[in-house]
Every structure is written in C-alpha cells, then in structure tokens.
Amino acid sequence: MHISPLIDIGLNLASHRFTSDWKQVLARAHEAGVERFILTGTSLKISREVALLTEKMAPGTAFFTAGIHPHYASGLDADALAGLRSLLSHPNAVAVGETGLDYNRDLSPRNVQRAALEAQVELACTLGKPLFLHEREAADDLLAILDNFKDRLPKCVVHCFTGNETVARQYVERGFYLGITGWVGQKNRNQDLLRALQAIPPERTMLETDAPYLTPPGYRPDIAGRNEPAALARVAELLAMARGVPVEQVRADAYAASLAFFGLERSS
C-alpha cells in the first residue's frame, strides 16, 4: 500500500535549539516520511535565516515564510517591510507570515499588533502570496481585519490551530486552511480542538510540528524536551485517532491540501 509522504508546514528550524545538528534532524525527518518542510519566519532576521537554510537543503524540499510574528510587531517599520518584500521574491518563499494577533501573551501592544498585521496582509494581497497566520484569543479582531481585505485576500492558513468549534467554523466559512499540531493529542488541553475538528474539512487540514515546540504525546524525541519534524508522523496518527479514520487517509488529505495551498508540485 502506498503511504503518502508528509509535509511539515510549520518548522522553526532557525531556532538555536537546532543550530548544532539541524542536518541530522532533517535526516531523521526524511526517514520518518517527511518529504518537504516549510520553515517559519517570525522576524526579518529569522526570515532571512530560514531563507538561507532552504538554500542549503536539497532543491525542492524546503521552502519558507517571511513575516513578523505578533510578539515582535513593534519591530515592523518601513525598512522591515521593505526587507520582507524583497525576501518574498526569493524562489523558495511561499507565504507571508508568521503574522497575526496574540492576545494571550500580549508581548506587543494590541494596537501595534493590529497595525503590523494590516501591513502584512496588504503586502500579501499585493504580492499574491498566501498568508501564514497566528491567532491566540484574538479571532474576532483577526477576522475583522482580514474581512476588510475580503475581495483581495489570498489563501490563508491559521497555523497551530487550537481554538474552538465556533472559531473553526468562522475560518472555514471564509475558505481558510487550518494547521494541526501535536496539541490534538494533549488530553488536558485538546477538548476544544477535538470538538472543532467536526467543523474542519479534511481538504482544508494541514499538518505541522511547530518544532522545537509542542512535542506530540507518544513521540520520544532525540533530545528530551525538543520536538522534531520527524514527529509529524505521530501528529498524523493522533489526528487519525481523533477523527476515527485510517492514518493513511489523514496523510493523503493533508498532503493534497498542502500542495494546493502552497502551490507545490506532487512528487513523482
């Protein structure tokens, strides 16, 4: 039986926790069936670093997002925006982000977060690039901003989705995709997400590890406390259990969704 390959749509490979052994980390992921990686840019500096990392990896296996995370929204000025625009012309750049709103930690003032989000949504609309979104406890404000761009808005994915069914339905109604992580198996925290899965079509569901964070239950990492992209197979298993479907179906659906969202070619 053919087993679908996996695409990790959210990997923080520029994290200092991967500096010394990132090549071995990727080798383990390939062995675990992870075919391609979308490296996450969270600041201009990190976005530049992940762009360089994709150049060091096998052609066609690694891509990146470029954006300013809401935690660092205070750092988005005209120069940073120009830097992002330049970086997004890179052949491996597939999305604008990680951008969005985080009202859980509030590491940047909320009005600053909203302004940074608006600027990056405008950039994505202008460039015709998908949006890689972060949202925690801020769905209403996020949707209000995105709805202002309704006629021009590109494809959107809310990555690392952990929200409830009501929020999921609002995203799905707008045609958004949702990224699922190991959170789906975290029994003390996943109840909202488990109910939300009923509202999320498989064809809009993508898989991600968000490594080095969010190690899925049942996966033993190479280094304790550090999640790896090799854990993506476990995320697929946990989602299959939550949906009550075969894991191969989850993998095939997520693979097709990821290809469609990022405009990637199916492997031969």
Side-chain angles (χ1 to χ4, degrees), residues 2-14 22 25-42 46-47 49-67 84 87-99 120 123-125 127-134 153-161 171-172 175-181 200-211 228-233 235-236 239 247-268:
H2 173 70
I3 298 177
S4 288
L6 295 162
I7 299 174
D8 190 347
I9 71 153
L11 168 59
N12 297 286
L13 195 63
W22 66 270
V25 166
L26 295 183
R28 282 193 290 273
H30 281 302
E31 289 173 13
V34 185
E35 175 187 83
R36 280 175 266 190
F37 311 90
I38 313 293
L39 309 188
T40 308
T42 52
I46 294 295
S47 297
E49 289 178 11
V50 292
L52 289 172
L53 282 168
T54 67
E55 294 173 4
K56 297 176 182 177
M57 295 158 68
T61 65
F63 306 89
F64 70 93
T65 73
L84 287 180
L87 202 50
L88 286 159
S89 67
H90 190 292
N92 293 338
V94 290
V96 177
E98 177 177 359
T99 182
Q120 291 176 85
L123 183 60
C125 291
L127 298 178
K129 292 275 191 190
L131 275 162
F132 191 81
L133 297 166
H134 171 105
L153 198 65
K155 289 180 286 191
C156 296
V157 58
V158 180
H159 107 101
C160 191
F161 179 74
Y171 289 146
V172 170
F176 296 1
Y177 291 67
L178 299 169
I180 302 297
T181 64
I200 306 172
E203 62 271 19
R204 300 264 195 83
T205 305
M206 296 189 277
L207 300 173
E208 55 181 316
T209 57
D210 202 31
E228 289 195 14
L232 197 62
V235 176
L239 180 55
V247 67
E248 171 49 27
Q249 182 178 329
V250 164
R251 292 174 64 128
D253 289 340
Y255 185 68
S258 300
L259 296 181
F261 184 85
F262 292 107
L264 305 177
E265 297 290 326
R266 183 175 290 272
S267 59
S268 54

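Residues take their numbers from the sequence shown, with the count starting at 1.
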For [X] and [Y], work out which heavy atoms get closest and say how close.
X	Y	answer
A256	R266	CB-NH2, 4.2 Å
L88	A95	CD2-O, 3.4 Å
G67	L84	N-CD2, 3.6 Å

Please determine which of T205, T65, L133, I9 meets the side chain to side chain contact (heavy atoms under 4.5 Å, CB included) test together with V157. I9
Are any non-hydrogen side-chain atoms of [X] and [Y] less than 4.5 angstrom apart?
X	Y	answer
P130	C156	no
Q120	F132	no
L26	V34	no
F161	Y171	yes
F63	L264	yes
I38	H159	no
T42	S47	no
R28	P229	no

List the steps and the verdict of side chain to side chain contact (heavy atoms under 4.5 Å, CB included) for T99 and L131. CA-CA 8 Å; T99 182; L131 275 162; 4.0 Å; yes
Scan side-chain atoms only and decide if E35 and Y255 contain a donor-acceptor pair under the 3.5 Å cut-off. yes
Checking side-chain polar atoms at under 3.5 Å, does D8 have a donor or acceptor matched by the opposite partner on T209? yes
When you measure from the side chain of [X] to the backbone of [Y], do you find a donor-acceptor pair of N or O atoms at a distance under 3.5 Å?
X	Y	value
K155	A260	yes
E208	C160	yes
T54	A62	no
N12	A211	yes
R251	S4	yes

Do F64 and H90 have ring centroids that are under 6.0 Å from one another? yes
Verify the ring-centre separation between F37 and H30: is it less than 6.0 angstrom? yes
Take M57 and N92 through the test side chain to side chain contact (heavy atoms under 4.5 Å, CB included) and record every step on the way to the result. CA-CA 11 Å; M57 295 158 68; N92 293 338; over 6 Å; no
